[in-house]
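What follows is one structure encoded as structure tokens, with my remarks underneath.
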Amino acid sequence: MKILKYALIFLLGVILTMVMTFFNLPFWLIYLVVVAVYLLLIVVPQMYTVYKSKNLKKIEQYLEKNKRKPIFAYPLALKTGDREQIIRSLEEILIRHKQPYMQEVYKTILALFENNASKFEHLAKQISKEPLRTYYLAYVEALKGDFDEAHTLKVQLPKGWMQHAIEAVIAKEQGNNDLYEQEANKSIELATGVQKYSLYYSFQKEINNLK
């Protein structure tokens, strides 16, 4: 099915090229139009799925097709709920992606899944870019039981899913399971793309464990 899709797009590109050549359009314009069509039909739908889609089924289909890439294998590992598999997927990301920001963020996430609170806090402070630095610092304060500081940091977060995720962590640490579930669901509802998928399965596992 995927091969057929790409074959049809390629054929469309050939037809467009032939039509524009027939009208003696300049080469640079033909090139730009064909590239734009390819981007519109191939790249844009993929980017929408990764960043904007709210359809968990479609997001998972995309992840499955690209699971050889560690960055997409990690959300699938979250769905399994297998802590060892999640840790392996995070370690693979760190091996394959050497960009400083990627290293900062995924080392922090890895420390969280390793249940290493002091390392988690240390690494969260080293994240160089916002808003994830503030997000994980708020997460740290919630785990430490400093809920006032967690709330102070939370209001600085620009995205609704982040704010509700922190509220969920605070509620969990306070033992308020009903509020935890409410805030977790609000966070999932506001998130999109792969982030929504990751939140859904992260929170779903915890909610099931609390029932």
Side-chain angles (χ1 to χ4, degrees), residues 47 49-53 59 63 66-67 69-174 180 183-184 186-206:
M47 296 296 287
T49 299
V50 172
Y51 294 107
K52 292 297 182 181
S53 177
I59 296 168
L63 294 174
N66 294 275
K67 63 183 178 182
K69 299 177 182 179
I71 201 77
F72 296 128
Y74 165 61
L76 291 172
L78 289 174
K79 182 182 178 181
T80 69
D82 185 328
R83 182 169 164 271
E84 290 184 3
Q85 185 174 340
I86 293 169
I87 289 174
R88 284 197 303 270
S89 68
L90 288 167
E91 290 172 339
E92 187 63 28
I93 290 173
L94 292 170
I95 290 170
R96 295 277 293 276
H97 297 275
K98 297 299 183 181
Q99 301 94 321
Y101 180 60
M102 294 284 284
Q103 290 284 312
E104 292 166 0
V105 172
Y106 284 97
K107 282 181 179 178
T108 302
I109 297 172
L110 178 58
L112 179 62
F113 279 102
E114 290 175 335
N115 296 320
N116 191 330
S118 60
K119 185 178 180 182
F120 178 56
E121 180 175 7
H122 174 72
L123 291 170
K125 291 177 179 178
Q126 293 184 346
I127 295 175
S128 57
K129 294 182 181 180
E130 297 290 357
L132 285 182
R133 184 177 191 275
T134 297
Y135 175 75
Y136 283 111
L137 288 175
Y139 205 129
V140 165
E141 297 303 327
L143 294 181
K144 288 166 60 178
D146 191 344
F147 304 125
D148 289 339
E149 181 62 20
H151 278 295
T152 299
L153 292 168
K154 183 214 73 173
V155 298
Q156 300 174 29
L157 295 170
K159 297 183 179 181
W161 73 260
M162 288 183 165
Q163 294 191 13
H164 287 291
I166 295 302
E167 287 291 351
V169 176
I170 292 172
K172 181 185 174 186
E173 293 302 308
Q174 292 176 330
Y180 170 76
E183 292 295 337
K186 287 178 183 177
S187 179
I188 294 166
E189 176 61 28
L190 291 172
T192 57
V194 176
Q195 184 63 61
K196 182 183 187 72
Y197 185 92
S198 299
L199 285 170
Y200 178 81
Y201 285 107
S202 296
F203 282 132
Q204 198 62 45
K205 178 178 179 293
E206 293 294 336

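Computed from a prediction, not measured in an experiment: that's the story for all the values here.
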Counterpart residues, side-chain hydrogen bond (donor to acceptor under 3.5 Å, both in side chains), relative to Gln85 (two or more places apart): none
pair Val194-Tyr51: side-chain heavy atoms closer than 4.5 Å: no
Atom pair CG/CD1 of Leu63 and Ile71 - distance to nearest 0.5 Å: 11.0 Å
Residues that Lys107 engages under side-chain hydrogen bond (donor to acceptor under 3.5 Å, both in side chains), provided they are two or more places apart: none
By salt bridge (charged side-chain N to carboxylate O under 4.0 Å, His left out) - contacts of Lys196 (at least two apart): none
Could you list the donor-acceptor pairs under 3.5 angstrom formed between side-chain atoms of residues 156-165 and any protein atom two or more places apart in sequence or on another chain?
from   : atom 1 : to     : atom 2 : distance (Å)
Gln163 : NE2    : Leu157 : O      : 2.7
His164 : ND1    : Glu183 : OE1    : 2.6

From NZ (Lys154) to CG (Leu137), nearest 0.5 Å: 16.0 Å
Side-chain heavy-atom pair Thr108, Leu132 within 4.5 angstrom cut-off: no
From Gln99 atom CD to Tyr106 atom OH, the distance as rounded to the nearest 0.5 Å: 10.5 Å
Arg133 (side chain) donor-acceptor with Lys125 (main chain) under 3.5 angstrom: yes
Counterpart residues, ring-ring contact (aromatic ring centres under 6.0 Å, His included), relative to Tyr201 (two or more places apart): Tyr197
Listed partners of Lys69 passing side-chain hydrogen bond (donor to acceptor under 3.5 Å, both in side chains), at least two apart: none
For Thr152 against Val155, the heavy-atom pair lying closest together: O-CG2, 3.0 Å
Under the side-chain hydrogen bond (donor to acceptor under 3.5 Å, both in side chains) test, residues paired with Lys119 that sit two or more places apart: none
CG-CD distance between Leu123 and Glu104, expressed to the nearest 0.5 angstrom: 9.5 Å
Pair Lys144 + Glu149: basic N to acidic O under 4.0 Å: no
Heavy-atom closest pair, residues Val140 and Ala124: CG2-CB, 4.0 Å
Approximate separation, where rounding is to 0.5 Å, of Leu153 CG and Ile166 CD1: 8.5 Å
Pairs touching residues 72-100 that satisfy ring pair (Phe, Tyr, Trp, His ring centres under 6.0 Å), sequence neighbours left out: Tyr62-Phe72
All pairs passing salt bridge (charged side-chain N to carboxylate O under 4.0 Å, His left out) where residues 84-95 contributes a residue, at least two apart: Glu92-Arg96
Side chain to side chain contact (heavy atoms under 4.5 Å, CB included) involving Ser202 - partner list, sequence neighbours excluded: Leu78
Residue pair Leu143 / Leu112: nearest heavy atoms and the distance that separates them: CD1-CD1, 4.0 Å
Set of residues satisfying ring-ring contact (aromatic ring centres under 6.0 Å, His included) with respect to Tyr139, sequence neighbours excluded: Phe120
Leu199 side, atom CG; Glu189 side, atom CD - distance, nearest 0.5 Å: 12.0 Å
Heavy-atom pair of closest approach, residues Pro75 and Ser198: CB-OG, 3.7 Å
Enclosure of Lys98 NZ (heavy-atom neighbours >12, cutoff 6.0 Å): yes
Verdict with reasoning, Asn115 to Arg83, per side-chain contact (heavy atoms from CB on, under 4.5 Å): CA-CA 11 Å; Asn115 296 320; Arg83 182 169 164 271; 3.8 Å; yes
By side chain to side chain contact (heavy atoms under 4.5 Å, CB included) - contacts of Ala142 (at least two apart): Ala150, Val169, Ile170
